*Asks:* 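Questions regarding the structure given below will be posed in turn.
No hydrogens, no waters, no symmetry mates; every other heavy atom, side chains included, goes into these values. A quick note: this is a predicted structure, and the numbers were derived from the prediction, not measured.
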Amino acid sequence: MFEKVRPPSEGEKIEYKDGKLLVPRNPVIPYFEGDGIGKDVVPAAIKVLNAAVEKIGKEIIWFKVYAGEDAYKIYGNYLPEDTLNAIRYYRVALKGPLTTPVGGGYRSLNVTIRQVLDLYANVRPVYYIKGVPSPIKHPEKVNFVIFRENTEDVYAGIEWPRGSREALKLIEILRREFGVSIREDSGIGIKPISEFATKRLVRMAIRYAIENGRKSVTLVHKGNIMKYTEGAFRDWGYEVAKQEFGEFCITEDELNRDFAGKQPEGKIVIKDRIADNMFQQIITRSDEYDVIALPNLNGDYLSDAAAALVGGLGIAPGSNIGDGLAVFEPIHGSAPKYAGQNKVNPTAQILTGALMLEYLGWKEASEMIKKAVSMTIEQGIVTYDLHRQIGGKLVGTREFADAVIENLNSL
């Protein structure tokens, strides 16, 4: 199965049966550090994860694989089949950031991983950690989970450069067959949004809301302009809620019409917002949103903006989830200029690991990590990014992780 890496001899694989993960006490979990600061933050996060799972009588058997620059040195390929096969076989993986060239170069490895493995939901919880500086007055009101569709929209990568044979041919077909005029010096991209992909994303979002006691699911779209793609996303989302979760869901219109705006016990409100309006909604009315489902591009924009409300990308966890497969990654990039300096904040990678533990069903360990991170920051033990804003005791990446472990062990 593997060409240039050898799986550990210990540990057991995670199984997937009847829509549920079957997680052993000692699962094998592949990981790759990725590029840039991944080599700093991933080892720091793994130390914290090991300490947390040990406290609940579990163990993770780590399996190192490669992607990005390290993979190219070993395989001559930035994303080798060994790595994809490891994720397919063991089902859950932890990854560091990967560099994506702007303009030319190779295609985004992050997008490729999501599409090749059909990790169709990019799930990003956004919540406030006490002590972290925020640009808004009440960051404690921010507590929502973003479900971003991960495989379609403009991220499908269906595009051709200006002047190419394909672009010119499409421009001519559109002019001749549909009477659509496009300038010949245009690059051409296609934006597919399907009923299938939309419904499985919204289905996952609603199930999450039901299982976690959330009060609403908001469909975010630009359907007033793109009626047959983003407008259809909205319509298909409502269809899922009505046809598959009718006993649990009511629409916002029904809430106001039938319940005088008072949410009945045990019901989830399904509502929708125009994407541009939603950017100001999450700032001015943060506590009105709980679970948010969006097409790919809107989800990318909104999740980064939401992270800024609670302190920025340096503390924002993320995940890519499919049916029985998941890859957990922080939102931030690879920041190569800081690589190897033991300087950057590992909080996002640590909290991404906590999110992975929650996915495995080890919620107690996940909650301990989140609490220990919060305690550490409240104690004023911080890396340079927070130190320059709030002062305190300046520490490096490894030392911050050690402080988190110390607090974790005190719980």
*Asks:* To the nearest 0.5 Å, how far apart are OG in Ser366 and CG in Leu351?
*Replies:* 8.5 Å
*Asks:* Which residues satisfy the ring pair (Phe, Tyr, Trp, His ring centres under 6.0 Å) test with Tyr359, sequence neighbours excluded?
*Replies:* Phe328
*Asks:* For Glu244 and Ile206, what are the C-alpha separation, side-chain angles and deciding distance, and is it a side chain to side chain contact (heavy atoms under 4.5 Å, CB included)?
*Replies:* CA-CA 10 Å; Glu244 300 181 26; Ile206 294 175; over 6 Å; no
*Asks:* Is the shortest side-chain heavy-atom distance between Ile74 and Val5 below 4.5 Å?
*Replies:* no
*Asks:* Between the side chain of Thr251 and the main-chain N/O of Ile270, is any donor-acceptor distance below 3.5 Å?
*Replies:* no
*Asks:* Using ring pair (Phe, Tyr, Trp, His ring centres under 6.0 Å) as the criterion, list what pairs up with Tyr338, not counting sequence neighbours.
*Replies:* Tyr384
*Asks:* Any donor-acceptor pair under 3.5 Å linking the side chain of Arg148 with the backbone of Asn296?
*Replies:* yes
*Asks:* Give the minimum heavy-atom separation between Tyr127 and Pro317, together with the two atoms involved.
*Replies:* OH-CG, 4.4 Å
*Asks:* Quick one: which residue pairs count as a salt bridge (Lys or Arg N to Asp or Glu O under 4.0 Å) with a foot in residues 271-293, not counting sequence neighbours?
*Replies:* Arg214-Asp290, Lys222-Asp276, Arg234-Asp272, Glu252-Arg273, Arg285-Glu288
*Asks:* Passes side chain to side chain contact (heavy atoms under 4.5 Å, CB included), Glu33 versus Lys64? Steps please.
*Replies:* CA-CA 8 Å; Glu33 295 172 348; Lys64 186 171 184 178; 3.9 Å; yes
*Asks:* Under 4.0 Å between a side-chain nitrogen and a carboxylate oxygen: does that hold for Lys371 and Glu378?
*Replies:* no
*Asks:* With a 3.5 Å cut-off and no angle check, do the side chains of Glu69 and Thr99 form a donor-acceptor pair?
*Replies:* no
*Asks:* What pairs of donor and acceptor atoms, side-chain ones from residues 161-168 against any protein atom, are under 3.5 angstrom apart with sequence neighbours left out?
*Replies:*
{"from": "Ser164", "atom 1": "OG", "to": "Pro161", "atom 2": "O", "distance (Å)": "2.8"}
{"from": "Ser164", "atom 1": "OG", "to": "Ala167", "atom 2": "N", "distance (Å)": "3.2"}

*Asks:* Between Lys39 and Gly36, is there a donor-acceptor pair closer than 3.5 Å when you use the side chain of the first and the backbone of the second?
*Replies:* no
*Asks:* Tell me, which pairs form a side-chain hydrogen bond (donor to acceptor under 3.5 Å, both in side chains) where one or both residues lie in residues 402-411, sequence neighbours left out?
*Replies:* Lys47-Asp402, Thr376-Asn407, Gln379-Asn407
*Asks:* Inspect the contact between Lys169 and Glu172 and indicate whether a charged nitrogen and a carboxylate oxygen are less than 4.0 angstrom apart.
*Replies:* no
*Asks:* Is Lys4 positioned over the aromatic face of Tyr66, cation under 6.0 angstrom from the ring centre and no more than 45 degrees off axis?
*Replies:* no
*Asks:* At what distance, to the nearest 0.5 angstrom, does CG of Leu357 lie from CD of Glu364?
*Replies:* 11.5 Å
*Asks:* Which pair of non-hydrogen atoms, one from Val116 and one from Arg88, has the smallest distance, and what is that distance?
*Replies:* CG1-NH2, 3.4 Å
*Asks:* Test your reading of the model: is there a side-chain donor-acceptor pair from Ser303 to the backbone of Gly299, 3.5 Å cut-off?
*Replies:* yes
*Asks:* Considering only heavy atoms from C-beta outward, does the side chain of Leu355 approach that of Pro125 to under 4.5 Å?
*Replies:* yes
*Asks:* Are the side chain of Lys95 and the backbone N or O of Ala67 linked by a donor-acceptor pair below 3.5 Å?
*Replies:* no
*Asks:* Atom CG in Leu117, atom CG in Leu84: separation rounded to 0.5 Å?
*Replies:* 5.5 Å
*Asks:* Just to verify, what does Tyr90 make a side-chain hydrogen bond (donor to acceptor under 3.5 Å, both in side chains) with, not counting sequence neighbours?
*Replies:* none
*Asks:* Taking the side chain as C-beta and beyond, is there a heavy-atom pair between His138 and Ser286 under 4.5 Å?
*Replies:* no
*Asks:* Tell me, please, which residues at least two apart from Tyr238 pass ring pair (Phe, Tyr, Trp, His ring centres under 6.0 Å).
*Replies:* none
*Asks:* Is the shortest heavy-atom distance from the side chain of Val142 to the side chain of Ile136 under 4.5 Å?
*Replies:* yes
*Asks:* Suppose we screen for salt bridge (charged side-chain N to carboxylate O under 4.0 Å, His left out). Which residues come up paired with Arg207, at least two apart in sequence or across chains?
*Replies:* none
*Asks:* Considering the options Ile146, Asp300, Leu219, Thr218, which one meets the side chain to side chain contact (heavy atoms under 4.5 Å, CB included) requirement together with Leu294?
*Replies:* Ile146
*Asks:* Which residues pass the salt bridge (charged side-chain N to carboxylate O under 4.0 Å, His left out) test with Asp153, sequence neighbours left out?
*Replies:* Lys191
*Asks:* So, do Pro43 and Arg398 sit near enough that their side-chain heavy atoms are less than 4.5 Å apart?
*Replies:* no
*Asks:* Compare every heavy atom of Ala308 with every heavy atom of Pro135, then report the nearest pair and how far apart it is.
*Replies:* CD-O, 3.2 Å
*Asks:* Taking the side chain as everything from C-beta on, heavy atoms only, tell me whether Ile282 gets closer than 4.5 Å to Phe144.
*Replies:* yes
*Asks:* Hey, is the main chain of Asn342 close enough, under 3.5 Å, to the side chain of Asp40 for a donor-acceptor pair?
*Replies:* yes
*Asks:* With no hydrogens and no angle check, is any side-chain donor or acceptor of Thr383 less than 3.5 Å from a backbone partner on Val344?
*Replies:* no
*Asks:* Between the side chain of His387 and the main-chain N/O of Gly392, is any donor-acceptor distance below 3.5 Å?
*Replies:* yes
*Asks:* Determine, stepwise, if the pair Arg200 / Arg203 fulfils side chain to side chain contact (heavy atoms under 4.5 Å, CB included).
*Replies:* CA-CA 5 Å; Arg200 68 178 178 175; Arg203 187 177 297 120; 3.7 Å; yes
*Asks:* So His332 and Ile37, do their side chains get closer than 4.5 Å, heavy atoms only?
*Replies:* yes
*Asks:* Measure the CD1-CG distance between Ile188 and Leu174 for me, rounded to the nearest 0.5 Å.
*Replies:* 7.0 Å
*Asks:* Kindly write out the residues that satisfy ring pair (Phe, Tyr, Trp, His ring centres under 6.0 Å) with Phe32, not counting sequence neighbours, or none if the list is empty.
*Replies:* none
*Asks:* Taking Glu152 for its side chain and Ala197 for its backbone only, find out whether a donor-acceptor pair lies under 3.5 Å.
*Replies:* no
*Asks:* Using a distance-only test with no angle check, is there a side-chain donor-acceptor pair under 3.5 angstrom linking Asn150 and Tyr155?
*Replies:* no
*Asks:* To the nearest 0.5 Å, what is the distance between CH2 on Trp160 and CG on Leu170?
*Replies:* 5.0 Å
*Asks:* Any chance you could measure Asp118, atom CG, to Ile113, atom CD1, to the nearest 0.5 Å?
*Replies:* 14.0 Å
*Asks:* Let me check something: any side-chain donor-acceptor pairs from residues 12-29 under 3.5 Å, sequence neighbours excluded? List them with distances.
*Replies:*
{"from": "Lys13", "atom 1": "NZ", "to": "Glu15", "atom 2": "OE1", "distance (Å)": "3.4"}
{"from": "Lys13", "atom 1": "NZ", "to": "Tyr89", "atom 2": "O", "distance (Å)": "3.4"}

*Asks:* Given side chains that start at C-beta, do those of Lys199 and Val202 come closer than 4.5 Å, heavy atoms only?
*Replies:* no
*Asks:* Whether Arg114 and Glu329 form a salt bridge (side-chain N of Lys/Arg under 4.0 Å from carboxylate O of Asp/Glu) is what I want to check.
*Replies:* yes
*Asks:* Could you tell me which residues satisfy salt bridge (charged side-chain N to carboxylate O under 4.0 Å, His left out) with Glu149, sequence neighbours excluded, listed by chain and number?
*Replies:* none
*Asks:* Within the distance-only criterion (no hydrogens, no angle test), does the side chain of Lys267 pair as donor or acceptor with the backbone N or O of Glu247 below 3.5 angstrom?
*Replies:* yes
*Asks:* For residues Ala354 and Leu49, report the shortest heavy-atom separation together with the two atoms involved.
*Replies:* N-CD2, 3.9 Å
*Asks:* Show, in sequence, the C-alpha distance, side-chain angles and deciding distance for Phe400 and Ile350, and conclude whether the side chain to side chain contact (heavy atoms under 4.5 Å, CB included) test is met.
*Replies:* CA-CA 11 Å; Phe400 180 84; Ile350 292 170; 4.3 Å; yes
